[in-house]
Each structure stands twice: as structure tokens, then as C-alpha cells.
Amino acid sequence: MSPCVKLLQPQLNQGFKIHHPSLPKPLPCINLEFHYPFLSLPRKSFNSSARSSRLPVSRCVSENLSDSIRPESLSNYAAESSEIFKPKENSFLTVLRGANAILPHVVLGSTILALVYPPSFTWFTSRYYAPALGFLMFAVGVNSSEKDFLEAFNRPGAILAGYIGQFVVKPLLGYLFGTIAIAAFGLPTSLAAGIMLTSCVSGAQLSNYATFLTDPPMAPLSIVMTSLSTATAALVTPFLSLLLIGKRLPVDVIGMISNIIQIVVVPVAAGLLLNRFFPQVCNAIRPFLPPLSVFVTSLCVGAPLAINIQSVVSPSGLSVLLLVIAFHLSAFISGYTLAGAAFRDAPDVKPLQRTLSYETGMQSSLLALALANKFFQDPLVGVPPAISVVIMSLMGFSLVMFWNKNKSTNV
């Protein structure tokens, strides 16, 4: 039995407290009005307990009982109760942000493992790249809607800025650091050509995933930017390669279109349709997508490095590493600065800056690696793209972690 029970009835602005002879002073009166606004006690149990225990009962006056039973107070309590007992939603975004916290560390661990024990990744050959990246796009599609993509096309200025970052700013940076590789570091022309080739390819699908982790509403806009640059890369990449490298780079146009459909269009469309017509299925698979996405990302980072390990650890490998780091760092900063200057008056300028930074700093280095292996006889041309896969992933997902941590300060 409680030491004191306060009866909350409109007609009685009083409560009760119980005294026991063995106690030096009355027990404190416990106010239950905020937890049980309609508390009532059975008459039989109350009277019988009072007689059987022979405990004197005295009244204690409640000063705020009349206020607590006002209609507006009861309404407020009902609203608060509904929030307290409302089941917490285990959303995919919450779980995904938890996985995002360890993603840069997983990428770094994959890099170290590929260097120390290459056979751990060499089985993940280039034929698995398209399905792996398609899976990441499927995860984005499951958590998006067709309305998001329609709204993305309503921002032609942002799409144009992303395109300029991909095929104007980034190739200029590639030409700059390729020239530095020859003039300042004395590297072979083939390594400089590899840096320039890396700067001429389209945006990376991993940039869409990084944008989704940082600013989910911007993911459709990022996908539109990457899709547009990838679709036009069949014409733009050979032209830029001819302009920068001085040698025509043939590209399989049909293969590029097929690559776009496999990696971007089909997975995202499948996720959108599944989310639209089978939401129960989406709810069932969402908890499994974050760990699988982290695992797939680690494979996409470790495999190119492990397969090209001999070229990466060559005597000129360190110089190429420094140049590739400088190239990507400059690209990330340039994209962020470009968006800040072009959209300084936009209400969502910070998300746009982060999105443009990913779009400019991360490119399809896997495509550059495939082109280097197929169209250049010198294997050294493939060394910069192989290193770029690792560096752009490490830097991109490190920015994901940094920006998510500092969003509250508008970094």
C-alpha cells in the first residue's frame, strides 16, 4: 500500500496521508496527479485496509489539484502521453547513419588489407564492379521517391554547376597535376597520362552514395548529375583525352549506355518501384542494407588496389600517390567553392556545396582504369586510376563523417 495517495476528483480538492505510530513523523505525501490523472480507489479495499491496519488517516490539502484537472491540462497530458507511448520507428536512415560512422574506417582497413594481403581482394574482379555499384544505387532508390527526381530536374542551375565541375574544373586540375608529374617529379609520360585520363571520366556512383549519407534529400540531384555526366562521357571523355593527352581514346558508346542502364537506371528504378508498390518488402529488407552497403564499398575500394599492387608499389608509386592526393583535394575544394559562389543566396547552400564537392572530387576511377587497361599498351597508365579509386573513396567518406559530425555548426 502506498504511504500516501491523493484522490483526484473534481469535487474534492483534498488528499490523504497515512501516519504510523512507529514513525517519528508522517510519511511524505506523494503527488500522483501528473502520472495518473484519473486515479480511483475501490471503496471496499480502501475502507477495509483502513480498519484492518488501524492506521490513523489524516487529510492533507492539495494546493494545485484544482489546476491539474482543468480541461486544457488534461488535453496537454493526453498529447504528451501519446508521444511517450508512440512506438519508435527504426528507420533505415537512422541505422544507415550508424553504419556511416564506421565506413571511413572500413575503407581504410580495406586499403591496408589490400596492401598487406592482396589475395583477400583479387577474387573481386572487374566483372563484379557493375553489380556492386548497382546494389548501392538500389539502396538509394529504396529510400527515395519519384517526386524527388522530378524536383531535381527543377534545378537546372545546380545540374549545370555539377557538369562544369566534372568536365571543366576537374580536367583542368588533371592537366595541371599531369604536367607537374613530368616537369617537377620527372615521372614517365604514361603516369602523367594516367592522371589526366582519371580527370576526364564521368562522376562516380559512389558520390551519389556519399551524398545520400550526408544530405539524403540531395541524393536524387546527385544521381541526375552523375547520370548526365556518364551519359555524355561517351563523347566528352574521348575529346578531353585527345585534348589533354594528345592521343585519341576510343570508347564503346553502346557499352557506356549499357553501363549506365545497369549501374544507375535499373537499380534506382527497381528501388523506387519496390518502395512505391511493396512498402512492406522495403521495410523488411532495410535493416540488412546498411551492413551490406559497407561491405560492398570495401570491396570496390580494396579490389583495384590489390589487383594492381605491383604497379602501385613501384619506385614511382609514392610520387603518384602524392599527386593523386593533391588532385582530389583540389577537386573537392573547387567543387565546394564553386557551389558557394554560384548559390550563395540559396536557402540550402550548404547541402549544395557538399553535393558539388562530392560530385567534383569523386569520379569513376574504375572506368578510367578499365579504359587504361584496354586502350593503352603501357601498364603504368593504369597506376593513377588504381590509386585514385582508393584515395577518392577515403577522402570522400572521411568528408561524410566530418560533415555529419559538424552539421549543427553549418560547416
Side-chain angles (χ1 to χ4, degrees), residues 90-115 132-133 135-137 139-140 143-144 162 165 203-223 225-226 286-305 321 324-337 339-340 348-365 387-411:
N90 186 19
S91 65
F92 169 72
L93 188 57
T94 303
V95 180
L96 187 57
R97 289 191 181 279
N100 156 51
I102 65 169
L103 188 55
H105 306 288
V106 172
V107 171
L108 179 60
S110 302
T111 303
I112 297 174
L113 183 59
L115 292 172
L133 295 176
F135 170 77
L136 297 179
M137 292 301 97
V140 174
N143 293 274
S144 304
Q205 280 73 33
L206 283 178
S207 66
N208 309 148
Y209 189 56
T211 300
F212 175 65
L213 292 174
T214 309
D215 300 287
M218 290 291 172
L221 179 62
S222 177
I223 293 175
M225 292 178 182
T226 303
R286 277 187 181 121
F288 302 97
L289 293 180
L292 288 176
S293 299
V294 172
F295 176 69
V296 170
T297 302
S298 67
L299 293 177
C300 292
V301 171
L305 181 60
L321 175 63
V324 170
I325 291 175
F327 163 70
H328 282 290
L329 181 62
S330 301
F332 279 114
I333 295 175
S334 298
Y336 192 87
T337 305
D348 55 351
V349 59
K350 289 300 180 181
L352 277 173
Q353 285 184 279
R354 292 188 284 263
T355 301
L356 265 294
S357 180
Y358 290 135
E359 207 64 31
T360 307
M362 303 176 75
Q363 65 279 332
S364 186
S365 302
I387 297 177
S388 173
V389 174
V390 178
I391 297 303
M392 69 106 174
S393 300
L394 285 173
M395 296 181 70
F397 289 116
S398 296
L399 284 175
V400 169
M401 183 175 63
F402 174 76
W403 276 327
N404 275 336
K405 184 178 180 181
N406 294 275
K407 263 187 182 180
S408 58
T409 58
N410 294 324
V411 174

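No experiment lies behind these values; they were computed from the predicted model shown.
For Leu305, the side chain to side chain contact (heavy atoms under 4.5 Å, CB included) test picks out Thr111, Ala114, Leu115, Val312, Val390, with sequence neighbours left out. Taking the side-chain hydrogen bond (donor to acceptor under 3.5 Å, both in side chains) definition, one finds that Ser388 meets it with His328, Gln363, Ser365, sequence neighbours left out. Under the side chain to side chain contact (heavy atoms under 4.5 Å, CB included) criterion, Ile325 pairs with Leu321, Ile391, not counting sequence neighbours. Ser222 pairs by the side chain to side chain contact (heavy atoms under 4.5 Å, CB included) definition with Ser207, Asn208, Thr211, Thr226, Thr355, Glu359, not counting sequence neighbours.
The shortest non-hydrogen separation linking Val349 to Gly340 is CG2-CA, 4.4 Å. Between Gly361 and Met392, the shortest heavy-atom distance links the atoms O-CB, 4.1 Å. The two residues Ser330 and Ser334 come nearest to each other via the heavy atoms O-OG, 2.7 Å. The shortest non-hydrogen separation linking Ser293 to Thr297 is O-OG1, 2.8 Å.
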- Task: Give the intermediate values and the outcome of side chain to side chain contact (heavy atoms under 4.5 Å, CB included) for residues Met225 and Leu356.
- Result: CA-CA 9 Å; Met225 292 178 182; Leu356 265 294; 3.7 Å; yes
- Task: Take Tyr358 and Val400, measure what side chain to side chain contact (heavy atoms under 4.5 Å, CB included) needs, and give me the verdict at the end.
- Result: CA-CA 9 Å; Tyr358 290 135; Val400 169; 3.2 Å; yes
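Tyr209 contributes atom OH, which lies 8.0 Å from atom CZ of Phe135 (distance to the nearest 0.5 angstrom). The CG atom of Leu221 sits 6.5 Å away from the CG atom of Leu352 when rounded to the nearest 0.5 Å. Atom-to-atom distance recorded for Leu213:CG and Arg354:CZ is 12.5 Å, nearest 0.5 angstrom. In this structure, CE on Met362 lies 5.0 Å from CZ on Phe397, to the nearest 0.5 angstrom. Taking CG of Leu394 as the start and CG of Leu399 as the end, the distance is 11.0 Å to the nearest 0.5 Å. The CG atom of Leu108 lies 11.0 Å from the CG atom of Leu113; values are rounded to the nearest 0.5 Å.
Judged by distance alone, the side chain of Ser393 and the main-chain N or O of Val389 form a donor-acceptor pair under 3.5 Å.
Ring pair Tyr336/Trp403 is parallel by interplanar angle, where below 30° counts as parallel and above 60° as perpendicular.
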